[in-house]
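Please read the structure below before turning to the comments.
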Amino acid sequence: MQVGYKLATESFGPGELIRQAVRAEQAGFDFVEMSDHFHPWLDNQGHSPFTWTVLGAIAVKTERIGLVTGVTCPTVRYHPAIIAQAAATLALVCDGRFTLGVGSGERLNEHVIGPGFPGSVRVRHEMLREALEIIRSLWRGGYRSYEGKHLRLEDARVFDLPEQLPLIPVAAGGAAAARIAAELGDGLFATEPKSELVRHYREAGGSGPCYAEVPMAWADDEHTAAKAVLETSRWAVTGWKVMSELPNPANFDAATATVREEDILEQFACGPDPARYVEAAQGYVDAGFDHLVMQNAGPDPDGFIDFYQRELDHRIRALEPS
């Protein structure tokens with residue numbers, strides 16, 4: 001079991017994210033995970049710094065903790081050649097502590113460059129397959145070209161390659177993406193405790209780590225915690241089919257206007273009771289996930305880190321499938 005801390009790039013600026021990563025290392029987390037967005041989910045979150053710059057700064061400010069993108073879309077806003085180069089460089093800067101989580105993306109972030117975001121999930125998966133093939137090709141060294149249905153590469157070479165290449169877990173919300181994770185990735189990434197995702201991944205031959213984000217919100221009382229989620233993170237209750245399709249924070253604001261505190265409490269472990277958090281984590285362990293990301297949406301990140309170190313670390317690491 002490995003336990004990570006989610007750095008909320010939509011809620012904090014780059015300096016604060018770097019500070020939290022250092023605190024997470026001091027508190028004993030195994031890795032920090034960062035989303036790679038152009039926009040926040042809601043305007044009142046107020047932030048969305050460039051993830052790769054922040055990760056580079058974290059790399060030189062820390063010594064032990066792993067760094068994970070959760071996740072990067074290497075098909076629209078970025079060309080996979082750029083991600084191949086960026087990931088290889090970051091792996092060198094952090095002495096092999098980097099893991100490249102990838103996925104098929106969300107319209108929220110990918111539509112911004114103009115050509116548009118594919119409306120078909122099938123097309124997104126085709127593009128992700130091609131992107132992974134390009135990244136793998138470039139990581140073998142030498143000059144490479146690629147002619148795909150959607151993506152192309154012409155006489156490209158990544159000159160600085162680490163001896164130990166980053167692992168590539170692939171985000172999946174269903175069977176098709178889980179098969180891509182098994183065939184072209186090194187692990188699985190998910191946001192829901194669905195055992196069928198892990199099953200599809202394993203049945204397709206996947207043998208790598210399985211990452212999952214566990215929604216939680218720490219505060220001294222349950223209401224304060226749930227209120228914080230309602231204000232800044234209520235988008236998380238909409239489900240992946242909504243989260244991948246809406247184009248702007250204003251759309252997420254409108255789509256979540258009717259979310260209630262009761263809805264938050266159904267999906268998030270909120271408040272000061274460690275048992276709530278352990279119960280939430282147990283669901284992911286039972287589903288087969290072995291790399292759990294503590295995704296705190298509460299109002300006090302330092303309070304949560306202290307709470308995790310004091311009350312949760314030993315409990316969560318001791319969890320086994322029921």
Side-chain angles (χ1 to χ4, degrees), residues 9 33-38 48-60 66-107 109-118 120-172 176-177 179-189 206 208:
T9 57
E33 178 216 313
M34 292 183 66
S35 55
D36 185 357
H37 287 183
F38 192 86
S48 196
F50 188 54
T51 289
W52 293 89
T53 301
V54 179
L55 284 170
I58 292 171
V60 299
L67 313 177
V68 183
T69 49
V71 295
T72 287
C73 175
T75 60
V76 181
R77 183 168 42 112
Y78 303 124
H79 189 280
I82 303 304
I83 296 304
Q85 182 188 38
T89 299
L90 185 57
L92 289 167
V93 170
C94 70
D95 296 323
R97 291 183 281 139
F98 179 59
T99 296
L100 174 63
V102 301
S104 56
E106 308 100 4
R107 193 177 306 275
N109 305 297
E110 307 309 319
H111 81 280
V112 298
I113 63 168
F117 184 63
S120 165
V121 174
R122 177 186 55 79
V123 171
R124 296 176 205 172
H125 287 169
E126 289 175 352
M127 294 177 71
L128 182 58
R129 281 183 174 275
E130 292 184 5
L132 288 167
E133 290 171 353
I134 288 171
I135 291 169
R136 297 291 192 192
S137 175
L138 287 168
W139 282 359
R140 290 198 296 270
Y143 285 92
R144 301 286 176 175
S145 296
Y146 182 93
E147 187 75 32
K149 180 179 178 181
H150 306 283
L151 299 172
R152 300 172 65 184
L153 184 75
E154 184 175 349
D155 294 334
R157 177 183 173 186
V158 176
F159 275 80
D160 290 287
L161 290 171
E163 290 186 13
Q164 180 180 342
L165 293 167
L167 296 179
I168 309 179
V170 177
R179 286 193 291 270
I180 295 173
E183 294 167 18
L184 294 171
D186 300 305
L188 180 72
F189 219 112

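- More than 12 non-hydrogen atoms from other residues, nucleotides or ligands lie less than 6.0 angstrom from CZ of R157.
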For this session: List the steps, then state whether side-chain contact (heavy atoms from CB on, under 4.5 Å) holds for T9 with V54.
Result: CA-CA 9 Å; T9 57; V54 179; over 6 Å; no
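- Judged by distance alone, with hydrogens and angles left aside, the side-chain atoms of T72 form no donor-acceptor pair with the main-chain N or O of V102 at under 3.5 Å.
- Heavy atoms only, all atoms of each residue included: V123 and P118 are closest at CG1-CB, 3.8 Å.
- Ion pair E126/R122 flagged as a salt bridge, since at least one NZ, NE, NH1 or NH2 atom sits closer than 4.0 Å to an Asp/Glu carboxylate oxygen.
- When all heavy atoms of A91 and P166 are compared, the closest pair comes out as CB-CG, 3.8 Å.
- For the side chain to side chain contact (heavy atoms under 4.5 Å, CB included) test, residues two or more places apart in sequence or in another chain that qualify with A176 are H125, R179.
- Judged as a side chain to side chain contact (heavy atoms under 4.5 Å, CB included), and not counting sequence neighbours, the contacts of S48 are H37, P40.
- Listed by first and then second residue, the salt bridge (charged side-chain N to carboxylate O under 4.0 Å, His left out) pairs that reach into residues 88-107 are R107-E245, sequence neighbours excluded.
- Of all heavy-atom pairs between S137 and R144, the closest is OG-CD, 3.1 Å.
- In terms of heavy atoms, P80 sits closest to L151 at CG-CD1, 4.0 Å.
- Across all their heavy atoms, G103 and L128 have their closest contact at O-CD1, 3.8 Å.
- The 12-atom threshold is exceeded at OH of Y146, counting heavy atoms of other residues, nucleotides or ligands nearer than 6.0 Å.
- Looking only at distances, no side-chain donor or acceptor of W139 sits under 3.5 Å from a matching main-chain atom of L161.
- Across all their heavy atoms, T75 and A131 have their closest contact at CG2-CB, 3.8 Å.
- Taking 4.5 Å as the limit, some side-chain heavy atom of T69 sits within range of a side-chain heavy atom of W52.
- Not counting sequence neighbours, D160 has no partner by the side-chain hydrogen bond (donor to acceptor under 3.5 Å, both in side chains) test.
- A distance-only check finds no donor-acceptor pair linking the side chain of E130 to the backbone of G148 [under 3.5 Å].
- Although no hydrogens or angles enter the test, the distance criterion places a donor-acceptor pair under 3.5 Å between the side chain of H79 and the main chain of R152.
- Considering only heavy atoms from C-beta on, V170 stays 4.5 Å or farther from L184 through its side chain.
- Looking at residues two or more places apart in sequence or on another chain, you find no side chain to side chain contact (heavy atoms under 4.5 Å, CB included) involving Q164.
- Applying the salt bridge (charged side-chain N to carboxylate O under 4.0 Å, His left out) rule to pairs touching residues 70-87 yields D36-R77, R77-E110, sequence neighbours excluded.
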